[in-house]
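Take a look at the structure below.
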Amino acid sequence: MKNVLVTGANGQLGQALRKRAGSYPSFTFYYTDIDTLDITDKAAVQAYLNKNRIHTIINTAAYTAVDQAEKEAEQAYRINAEAVKVLAEAARDHHSRLLHVSTDYVFDGLNHRPYIETDGTHPASAYGRTKLAGEVLLQETLETAVIVRTSWLYSETGNNFMKTMLRLGAEREELRVVFDQVGTPTYAGDLAEALLTILDKEEHDGWVPGIYHYSNEGVCSWYDFARKIMELGGLSCRVMPIESKNYPVAAVRPAYSVLNKTKIKDTYGVVIPHWEESLKRIMNDEL
Ligand SMILES: NC(=O)c1ccc[n+]([C@@H]2O[C@H](COP(=O)([O-])OP(=O)(O)OC[C@H]3O[C@@H](n4cnc5c(N)ncnc54)[C@H](OP(=O)(O)O)[C@@H]3O)[C@@H](O)[C@H]2O)c1
């Protein structure tokens with residue numbers, strides 16, 4: 001039996017992993033969040049790995065408040081960069097694997113075709129810079145690490161775009177949503193399945209270190225995503241397209257952040273649903 005530590009396990013992705021981990025009985029999962037294991041605490045992380053003989057860490061813990069990070073860049077850096085190094089050092093010292101999650105916000109969004117893993121990074125926000133710093137520190141410290149970049153995460157738990165749209169759609173007659181930011185929504189349950197597939201491959205000597213991209217298939221704008229949520233939710237709220245410049249927020253988002261998933265499909269045999277398919281499943285409660 002191999003022990004797997006899931007950090008940030010009360011978050012969206014952490015909860016999605018909890019829900020699905022039972023299908024992988026050759027692993028014993030240990031779930032922690034900031035109240036039980038603060039990943040910025042080096043001594044605590046080292047002691048935890050030592051005591052529980054952790055074979056693989058899945059790091060879903062992060063500072064994810066994108067706009068607030070513009071004001072709290074140091075705090076975001078401590079969690080998204082320094083703590084990733086803490087985990088990497090502990091994994092190195094205990095000969096453990098580390099599966100880490102990163103973001104499409106490491107890119108500036110000026111591409112006109114889906115981003116591949118080797119494309120140049122150039123984050124436009126403090127959040128993106130701290131997440132990129134985490135990737136760099138991790139790869140410098142632990143060459144066996146696997147990093148999965150994802151985008152536009154949503155689920156039935158936590159704060160996310162789908163839940164916000166459902167709430168506002170029930171309260172208002174009209175909503176304005178940006179149409180000039182294009183990417184792909186990712187259902188956290190699908191990403192959790194992909195991470196567990198990678199974990200399972202490790203069991204069969206199929207662990208291939210490096211950076212991978214994962215989102216659902218397809219492309220849309222936030223405006224398209226909002227319209228689909230209203231339609232599937234049976235809400236009559238009108239969704240109007242607006243430009244980002246008319247919806248001021250603290251952090252700059254990439255205008256285009258579609259991820260190319262060829263590498264993760266070819267390497268790990270991950271099967272990826274289309275974003276509309278997954279949204280339909282979650283909204284019809286078929287999960
Ligand atoms: N959400 C998105 O749209 C999105 C898009 C692309 C990539 N990602 C990446 O995907 C991963 C999972 O995101 P998510 O949406 O599941 O995030 P989330 O819901 O914000 O969950 C992150 C969890 O980490 C916890 N945490 C914060 N600081 C910690 C610390 N020092 N030690 C231990 N735990 C700590 C948080 O606790 P508190 O809530 O108490 O802070 C929270 O429970 C992250 O790496 C994120 O950067 C997310």
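For ligands, and for the atoms within them, numbers begin at 1 and follow the listed sequence.
Ligand 1 lies nowhere less than 4.0 angstrom from a heavy atom belonging to S155. Ligand 1 has no atom lying under 4.0 Å from any heavy atom of T32. Judged by the shortest distance from any of its heavy atoms, T7 lies outside the 4.0 Å radius around the atoms of ligand 1.
Put simply, CG on D200 and CG on L196 are 8.5 Å apart, with the number rounded to the nearest 0.5 Å. To the nearest 0.5 Å, the span separating CD1 on I211 from OG on S102 amounts to 7.5 Å. To the nearest 0.5 Å, atoms OG1 (T64) and CG (N159) are separated by 8.5 Å. To the nearest 0.5 Å, atom CZ of residue R149 and atom OG1 of residue T103 are 9.0 Å apart. Between atom CD1 of residue I272 and atom OG of residue S278 there is a gap of 10.0 Å, rounded to the nearest 0.5 Å.
Distance from atom 17 (O) of ligand 1 to its nearest protein heavy atom, with residue and atom name: T64 CG2, 3.5 Å. Among protein heavy atoms, atom 15 (O) of ligand 1 sits closest to Q12 NE2, 3.0 Å. The protein heavy-atom contact nearest to atom 25 (C) of ligand 1 is D33 OD1, 3.4 Å. Among all protein heavy atoms, the one lying closest to atom 13 (O) of ligand 1 is L153 CD2, 3.8 Å. For atom 11 (C) of ligand 1, the nearest non-hydrogen atom of the protein is V101 CG1, 3.6 Å.
By the criterion of a heavy-atom distance under 4.0 Å, neither the backbone nor the side chain of T186 is placed next to ligand 1. Residue-level proximity to ligand 1 for S102 is carried by the backbone, the only part with a heavy atom below 4.0 angstrom. For I34, heavy-atom contacts with ligand 1 shorter than 4.0 Å involve the backbone as well as the side chain. Of all the heavy atoms of R149, none lies under 4.0 Å from any atom of ligand 1, so neither backbone nor side chain is involved. Contacts with ligand 1 closer than 4.0 Å are made by no heavy atom of Y214, backbone or side chain.
Within ligand 1, counting atoms from 1 as listed, the ones closer than 4.0 Å to a heavy atom of I39 are 30 (C), 31 (N), 32 (N), 33 (C). Ligand 1 places these atoms under 4.0 Å from at least one heavy atom of D38: 30 (C), 31 (N), 32 (N). Interface of G8 with ligand 1, defined as ligand atoms under 4.0 Å from a residue heavy atom, comprises 23 (C), 24 (O). With ligand atoms numbered from 1 in the order given, ligand 1 contributes 44 (C), 45 (O), 46 (C), 47 (O) to contacts under 4.0 Å with heavy atoms of K131.
In the hydrophobic clustering of ILVMFWY residues, with side-chain heavy atoms under 4.5 Å counting as a link, M283 and W222 come out together.
A cation-pi contact links R18 to Y31, judged by a cut-off of 6.0 Å to the six-membered ring centre and 45° from its axis. Note that K263 lies in the cation-pi zone of Y212, set by a 6.0 Å cut-off to the ring centre and a 45° limit from the axis.
Within a 4.0 Å radius of atom 32 (N) of ligand 1, the protein contributes one or more non-hydrogen atoms. The nearest protein heavy atom to atom 39 (O) of ligand 1 is not closer than 4.0 Å.
Between the side chains of T7 and N59, a donor-acceptor pair is found at a separation under 3.5 Å.
With W275 as the partner, the ring-ring contact (aromatic ring centres under 6.0 Å, His included) test is satisfied by one option alone out of W152, F161, F225, Y187: F225.
Within a 6.0 Å radius of NZ in K163, more than 12 heavy atoms belonging to other residues, nucleotides or ligands are found.
With atom 8 (N) of ligand 1 as the reference point, the heavy atom nearest to it among F161, Y154, Y127, W152 is part of Y127.
Checking side-chain atoms of R20 against main-chain N and O of A16 turns up a donor-acceptor pair under 3.5 Å.
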